Amino acid sequence: GENVEQHPSTLSVQEGDSAVIKCTYSDSASNYFPWYKQELGKRPQLIIDIRSNVGEKKDQRIAVTLNKTAKHFSLHITETQPEDSAVYFCAASETSYDKVIFGPGTSLSVIP
Amino acid sequence: ETGVTQTPRHLVMGMTNKKSLKCEQHLGHNAMYWYKQSAKKPLELMFVYSLEERVENNSVPSRFSPECPNSSHLFLHLHTLQPEDSALYLCASSQEDSDGFTEKLFFGSGTQLSVL
């Protein structure tokens, strides 16, 4: 079955710097890759996603890149702000959420 | 707040107790999910109900029993739990298209369960 690895497990950056979180997956059939953000004590929320027919997607300060050949995808946050501090989860899915596998998460701390 | 509400927010139970977790979604979605969140496995899918039919997850112990009486309500019945079952239990909902594809999960706030 699918296995999703995520690195680093913890990440600290200065406010204004960029943050990069990397994920790898094992099932070449996976074609949908969402990212969820979970602030302390709150529920996970989708922040961006990408399908396998594109290599990059951007939404303001957040971007995701996908390399299907290497089976890895990354989340890029530019001009980080303290409110970006949270746990970020990547995931991979073939078609739907009954098959989605989440990565172990990355705890991001943005230092003012 | 977000359309998916869970009760109770906190639950402490003994290993011999029987309790139920409740989830209700007000988004008109056709799929609902139970996830377990713990330090060991941050987001672990337990059960999926798609169009009110259950998709089995064979790795979930039988002491967890889901129930989906309609597309808006989901329950997780608990009995004879173990201390290692202590975790945050998250409910989520989504809208599946005709191909069974769903893009976005909407999570509830979760029930923090402690088994003594």
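Keep in mind the model is a prediction, meaning the values are calculated, not measured. In what follows, chains carry the letters A, B, and so on, assigned in the order in which the sequence lines appear, proteins first and then strands, with residues in each chain numbered from 1.
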Look up atom [atom1] in [X] and atom [atom2] in [Y], then write down how far apart they are to the nearest 0.5 Å.
| X | Y | atom1 | atom2 | value |
| --- | --- | --- | --- | --- |
| B/L105 | A/R43 | CG | CZ | 13.0 Å |
| A/F102 | B/Y35 | CZ | OH | 4.5 Å |
| B/E44 | A/I101 | CD | CD1 | 9.0 Å |

Could you tell me whether [X] atom [atom1] has more than 12 heavy atoms of other residues or ligands within 6.0 Å of it?
| X | atom1 | value |
| --- | --- | --- |
| A/K68 | NZ | yes |
| A/E79 | CD | no |
| A/L40 | CG | no |

TODO: Anything in residues 48-60 of chain A with a heavy-atom distance to chain B below 4.5 Å? Please list those residues in order.
DONE: A/D49, A/R51
Would [X] and [Y] show up in the same hydrophobic cluster when neighbours are defined by side-chain heavy atoms closer than 4.5 Å?
| X | Y | value |
| --- | --- | --- |
| B/L88 | B/F75 | no |
| B/M13 | B/V60 | yes |
| A/Y88 | A/V20 | no |
| B/V12 | B/L21 | no |
| B/L11 | B/L76 | yes |

Task: Contacting moiety of B/L90, where chain A heavy atoms sit under 4.5 Å - done: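 Side chain only.
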Task: Which portion of B/Q37 sits near chain A, non-hydrogen atoms under 4.5 angstrom - done: side chain
